[in-house]
Structures are given as structure tokens and as C-alpha cells.
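Note: hydrogens, waters and symmetry copies are ignored here, and every other heavy atom, side chains too, is used.
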Amino acid sequence: MAIHLAVVPVAGRGTRLLPVAKSQPKEMLPVGRKPAVQYVVEELARCGLGRLLFVTGPGKTAIENHFDIDGELIAHLRETGKEELLAELAFEREDLEYFYTRQRRQLGLGHAVLCAKAVVGHQPFVVALGDSIIGLHAQSRIVRVMIDQFEESDVDAVVALEEVLPEDVVRYGIAVPRNSAAEVFELADLIEKPAVGQVPSTLAVAARYVLSPRIFDCLENTPPDARGEIQLTDAIRMLIQQGRRVLGVRLPPGQTRFDVGNFESYFQAFVDFALADPQYGEALREHVRERLHSGDFTPREDRPCG
Ligand code: G1P
């Protein structure tokens, strides 16, 4: 069955980004010139997904507004002779269908995916986390590769994976390969945020999944973790324990995941995208070179007076 639908969870509060994410969705933070979630949508469109279901939550209406066709703004640009700016709104006219549902209680990523059950029905689907961009400027084809793997093999899930530092496994879902970990391989296990040294792997789930609708049974039977959250990782683990096959696909070399969910990686994402900007990148690279050469980066308030 061809896969057309992507579920994009965007319900998380963004507490790691306070105060910036207090009254605006973290998914709308600028990364270079676009809000983060626009790259996610463009990536999915390029990979052939035509229907997007956002699972939203409190304070997330800016995302819905962003993907609306804004006739008033278009008319304003025309009337004021700013036609050249219409190109910046081209994403509004992508041939995509948008759906929105709300996660009415904050019970974790697995629960957010479960909120999509009635819309997804009995078809396989993609999950793409709205706060994670893969590769620079939405050019990643990883979801297409994952869909092809899903359609060619008798599996119930395909997850994207990236290599992380051993001390960082505590922040991710970590895949345990069944045999060797080639570019595409079968998983023996998947463990959410293990302790350092608990798993013999540093391959982390990288925010993209292809799932069969069997995942919903597992999600319904997945108990909440210690923090009261239902984890998607635990439901995929349950699939494996039921004897279903799950594949991992590594991100291609040089392609990274940009996570806007915390300041450390958000800053890196913004810097990388701005430095690579076709129009402003060169001047910024020059500015950064100069600053790195001569700069004093001690925050102002820490500097000695006088
Ligand atoms: C979620 C998933 C985790 C995955 C990560 C990045 O964690 O639970 O398995 O590795 O996204 O895709 P979160 O960042 O929401 O804590």
C-alpha cells in the first residue's frame, strides 16, 4: 500500500527553550530564514507525502496559521509592488493537504501518535518530529529511502538512525542491531534513553519513522514510563518482542539531524543554516571569521567594570 500520510507531532511544550518558547511554538523558531517546521514539511513533500496530520497542543496555532494560504498578505504584496516577495510564500501553494488534531493531555510522544489513530486508520504512515530538521535545507531523502525499505520488506516499522557520542545515549531511543549494523539492518531491540553503557550501541533514533498501523495496538498497551509518558520507542520495542520485524536506516554520511528542542542544538542549527544561506551566508562567514579571530565572548555582565 503506497504511503501518503505523515503524522507530525508538534504538541511538546518546549520547556527546555524557556523563555523563548513560552508563547510561541518551538517548531516556529527561525532556522536561517524559515521556521523549523517549514523545513520538515518541505522535506516530507519532496519525499512524496501528500497529506500531513499535525498533532498540536496548547499555544500551537501559529503553526496552523503559517501553512494557511494568506490571501490578504498576497494582495498586499501585489498592491505595494513587492511581487518579488511572493516567492517567499511559494510553500503555501505546495500540493499538500493539511489536517490538525490536538493532543489534549501531555502524555508523551507515543500518546501523541496514538491521537492520530482515527485519521490514520489501517494504512502505514510516516512520523516526522516537528522539532527536528534532517540535513541542510530540507534536502534529505531519508524518508523516501525508509518508505522504499518498508514497501519492499515484510516489516512493521523502519526508523532513521544517527550515530551519537557514547555519553549522549541517555537523550535518545537507542537501536540494538540483530546482526551487524550495515546501512540498513534489522533491530533486535530499541531502548528509550538508556544509561551510559547499558546498550552495546550508539545508534540513536533520528526523528523519522515509518510505521504499520499495528503500532496502535502496541501504543494502547504500552504503560507510561517513570515520568508518566507513553513512549513511541516502547511501542516499537513491543512490536519486536511480538516477533515483528523492525529495520533501522542510517542517515547518509554528512547528513545530520538538527534538533531545535534545546538551546545547544538550536544554536548550532541556526548557525549552520545561516552560514549556508545562498544570499547572506558569505557575509556572515566573513563576520564569524573576524569575530572568532578577534572576539571576546565573555558575556557583558561578567566583564570587569572600568
Ligand atoms: C524523542 C524520542 C527518542 C528520539 C528523539 C530524537 O525524544 O523519544 O527516541 O531519539 O526524539 O528523534 P525527545 O527528544 O522527545 O526526548
Under a 3.5 Å threshold, yes or no: a donor from one side chain and an acceptor from the other, between [X] and [Y]?
X: R46; Y: Q139; answer: no
X: T202; Y: E163; answer: yes
X: H111; Y: Q103; answer: yes

Could you tell me the separation between the [atom1] atom of [X] and the [atom2] atom of [Y], rounded to the nearest 0.5 Å?
X: E42; Y: L96; atom1: CD; atom2: CG; answer: 9.5 Å
X: H66; Y: Q38; atom1: NE2; atom2: CD; answer: 4.0 Å
X: E162; Y: L251; atom1: CD; atom2: CG; answer: 6.0 Å
X: R105; Y: C115; atom1: CZ; atom2: SG; answer: 9.0 Å
X: Q231; Y: L109; atom1: CD; atom2: CG; answer: 7.0 Å
X: H122; Y: K117; atom1: NE2; atom2: NZ; answer: 8.0 Å

[Y] reachable from [X] in the ILVMFWY side-chain graph, under 4.5 Å edges:
X: I230; Y: V8; value: no
X: L5; Y: I215; value: yes
X: I134; Y: L44; value: yes
X: V155; Y: V210; value: yes
X: F91; Y: L77; value: yes

Nearest heavy-atom pair of [X] and [Y]: which atoms, and what distance?
X: F185; Y: L203; answer: CZ-CD1, 3.6 Å
X: S265; Y: N262; answer: N-OD1, 3.0 Å
X: V199; Y: P194; answer: CG2-CG, 3.6 Å
X: Y39; Y: I133; answer: CD1-CD1, 3.6 Å
X: L239; Y: R214; answer: CD2-CB, 4.0 Å
X: V260; Y: L29; answer: O-CD1, 4.5 Å

Notebook entry, point to check: Hey, what's the ring geometry for F273 with F258, parallel, tilted or perpendicular (30° and 60° as the breaks)?
Noted result: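 Aromatic pair F273/F258 classed perpendicular.
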Next item on the list: Give the C-alpha distance, both sets of side-chain angles, the deciding distance and a yes or no for side-chain hydrogen bond (donor to acceptor under 3.5 Å, both in side chains) between Q255 and S140.
Entry: CA-CA 8 Å; Q255 210 169 88; S140 175; 2.7 Å; yes
Item checked: Of R208, R144, R257, R141, the residue whose pairing with E43 passes salt bridge (Lys or Arg N to Asp or Glu O under 4.0 Å) ->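 With E43 as partner, R208, R144, R257, R141 yield a single salt bridge (Lys or Arg N to Asp or Glu O under 4.0 Å), made by R208.
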Check: Out of Y100, F99, F54, which one pairs with F67 under the ring pair (Phe, Tyr, Trp, His ring centres under 6.0 Å) rule?
Finding: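 Exactly one pass, corresponding to F54.
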Note to self: Using the rule side-chain contact (heavy atoms from CB on, under 4.5 Å), only one of L187, L190, I174, I191 pairs with S201; which is it?
What the structure shows: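 Exactly one candidate clears the test, I174.
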Looking at [X] and [Y], would you say the former's side chain and the latter's main chain have a donor-acceptor pair under 3.5 Å?
X: E88; Y: L85; result: no
X: Q24; Y: V20; result: yes
X: D168; Y: V164; result: no

Margin query: Counting only heavy atoms not in N65 (residues, nucleotides, ligands), do more than 12 fall under 6.0 Å from its CG?
Written below: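 More than 12 within 6.0 Å, yes.
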Next item on the list: May I ask you to check whether over 12 heavy atoms, not counting those of R78, lie within 6.0 Å of atom CZ?
Entry: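 No - once you tally the heavy atoms of other residues, nucleotides and ligands closer than 6.0 Å, there are 12 at most.
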Ion pair [X]/[Y], N-O distance below 4.0 Å:
X: R33; Y: D277; answer: yes
X: E27; Y: K60; answer: yes
X: D189; Y: R237; answer: yes

Next item on the list: Could you go through the side chain to side chain contact (heavy atoms under 4.5 Å, CB included) check for I236 and V159 one step at a time?
Entry: CA-CA 10 Å; I236 297 173; V159 295; 4.0 Å; yes
Notebook entry, point to check: Can you list the steps and then say if R102 with T56 is a side-chain hydrogen bond (donor to acceptor under 3.5 Å, both in side chains)?
Noted result: CA-CA 5 Å; R102 270 172 84 105; T56 75; 4.7 Å; no
Check: Under 6.0 Å between ring centres, would you say that holds for F216 and F125?
Finding: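 They qualify: ring centres under 6.0 Å apart.
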Next item on the list: Could you walk me through whether I142 and V249 pass side chain to side chain contact (heavy atoms under 4.5 Å, CB included), step by step?
Entry: CA-CA 8 Å; I142 189 73; V249 177; 3.7 Å; yes
